[in-house]
Protein chains: 2
Amino acid sequence: MKNRTIAGSIGSEIRRRILDGRYPAGSQLRQDGLATEFGASRIPVREALFQLEAEGLVRIHPHRGATVAPLSPADAAEALELRGTLEPRLLSLSAPRLTAEDFARADALLEDYAAALRDGATARWGALNTDLHLLLYGQAERPRALALVGSLLAECDRYTRLQLSTDNAELERADREHREIVRLCRNGHVSAACALLTDHIDHVAAALMAFLGETSGLTKSAGIV
Amino acid sequence: MKNRTIAGSIGSEIRRRILDGRYPAGSQLRQDGLATEFGASRIPVREALFQLEAEGLVRIHPHRGATVAPLSPADAAEALELRGTLEPRLLSLSAPRLTAEDFARADALLEDYAAALRDGATARWGALNTDLHLLLYGQAERPRALALVGSLLAECDRYTRLQLSTDNAELERADREHREIVRLCRNGHVSAACALLTDHIDHVAAALMAFLGETSGLTKSAGIV
DNA sequence: GCCCGCTGGATTTTATACAATTTCAACACC
DNA sequence: GGTGTTGAAATTGTATAAAATCCAGCGGGC
């Protein structure tokens, strides 16, 4: 997964650190510091920041520097609302065309997911969740929507990571629902799978909103590692 | 609308030229040429290209240069499908909250639109259409979806511009539908406005698909000025 | 005849150096 | 005491130049 260009690899690393929380929401990203940290010049760093801004993870204020995109309940709600609109539609298109190989990969991802769950490796959870969702929509032949959903999943992971630091039960529920969705798709019950997917996203949204609501100081909790 | 940074203004200019068709789909965008053309260095050009890639107007192949994103019927269909999914939802949220000032601006845009129609100034059409649509969704409080729809509208303009070079009747129909949508919103008939908007987008999609289908060689017609 | 590796040229990518802009704190002034 | 201004420091934005990469064409080998 290594990028052929330094800017690309720096961008991947910064993205990972933002999703990790190592670069907290709202924090300044100084080009010079990042450049020396990665042992490169500032220009690849600049390009990486531009790319990340396009993904919505970074905000660039002209002549005032780059900051990690802030977290807000409204933004999380909108991201999940868009996911709820787009993902079931993609699944309904993709599910009938999923191949045996796709299901094999889905099973592997579910296994990794369960292993990460046992090990308490919440760090791996986000990527696995994204991979599984995108895999299920891969046969929809909607590349633009797929890329968009990928970006939305990445951003939702930022919020979910906050939530997971206090509540692990959601992960097991997500695991059960993922397995059931895959099972329904495999057996050809497309509409049932889509309905469950809708419930899945709605529930994630509701749980996340409840979490964000009770921890009223979002900016404070955004600093969690 | 002038950007504070050279990269921003260069990006705006390149975007305009891509939408104009002055940079045809698939054509190479050489950094050196653009830099000398704009009287700047290559670095602002690079940053502008990165930003445009994020908008989907440019594709960057590492170490192989940047090309204008190709036009394909499948891509147009997906863009319009997404618009058909997102825009009615946005309108239903925004329409009840539109202010008198919003309607005044909408009327002004409709006037400009009609003037451009009389003058045969198809060049201005795209921006006016985008402005009107975005204005109608402005009160939805969905910034992410709004930005996404703006990007989709820009891309749809690339296709519509091809179509308009041979068929002007669609513009008048669009004008009538726009006026009716605004009238319905103003009178509080939100669901009717949303239904009409859905039809509006569906019809644009159908007309565009028919046009793209009959001019089988899309790559050829993509070279139209 | 066909495939493979190599070299020349062009283009992108990155590094270094410089200029423009913003920010913040000290300070005079109202 | 509050407010506007002004300077320097820090940071970003841009230009110039060097390094890495890729592609096309060509010659040699099988």
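Letters A, B, ... are given to chains in the order of the sequence lines, protein chains preceding strands, and every chain is numbered from 1.
- Checking Thr99(B) against Asp102(B) by side-chain atom types alone, a donor-acceptor pair falls below 3.5 Å.
- Remark: Arg59(A) does not engage Glu53(A) in a salt bridge, criterion side-chain N to carboxylate O under 4.0 Å.
- Applying the salt bridge (Lys or Arg N to Asp or Glu O under 4.0 Å) test to Arg158(A) and every residue at least two apart in sequence or in another chain returns nothing.
- Closest approach of Leu135(B) to Ala106(B), counting heavy atoms only: CD2-N, 3.4 Å.
- Among the protein residues, Gln31(A) comes within range of the sugar-phosphate backbone only, with heavy atoms under 4.0 Å from sugar or phosphate atoms but none that close to a base.
- Between Leu86(B) and the choices Leu146(B), Val149(B), Leu91(B), the side-chain contact (heavy atoms from CB on, under 4.5 Å) rule is met once, by Val149(B).
- Aromatic ring orientation, His178(A) versus Tyr113(A): perpendicular (interplanar angle above 60°, classes split at 30° and 60°).
- Heavy atoms of Leu29(A) sit under 4.0 angstrom from primed sugar atoms or phosphate atoms, though from no base atom.
- A distance-only check finds a donor-acceptor pair linking the side chain of Thr160(B) to the backbone of Cys156(B) [under 3.5 Å].
- Not one side-chain nitrogen or oxygen of Gln28(B) sits closer than 4.0 Å to the OP1 or OP2 atom of dT11(C).
- Applying the salt bridge (Lys or Arg N to Asp or Glu O under 4.0 Å) test to residues at least two apart or on different chains, the pairs with a partner in residues 68-77 of chain B are Arg144(A)-Asp75(B).
- Using a 4.0 Å cutoff to heavy atoms of chain A, the contacted part of DNA chain D runs 5' to 3' from dT11(D) to dC22(D).
- Around the CZ atom of Arg105(B), the shell of radius 6.0 Å holds no more than 12 heavy atoms that belong to other residues, nucleotides or ligands.
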For nucleotides 14-25 of chain C, just jot down a letter per nucleotide in 5' to 3' order: B, S or -, based on protein non-hydrogen atoms under 4.0 Å.
-> BBB----SSS--
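- Under the rule for a salt bridge (Lys or Arg N to Asp or Glu O under 4.0 Å), the partners of Arg17(B) that lie at least two apart in sequence or sit in another chain are Glu13(B), Glu37(B).
- Comparing the axis of the opening five pairs of the helix from dG1(C)-dC30(D) to dC30(C)-dG1(D) with that of the closing five pairs yields an angle of 20°, rounded to 10°.
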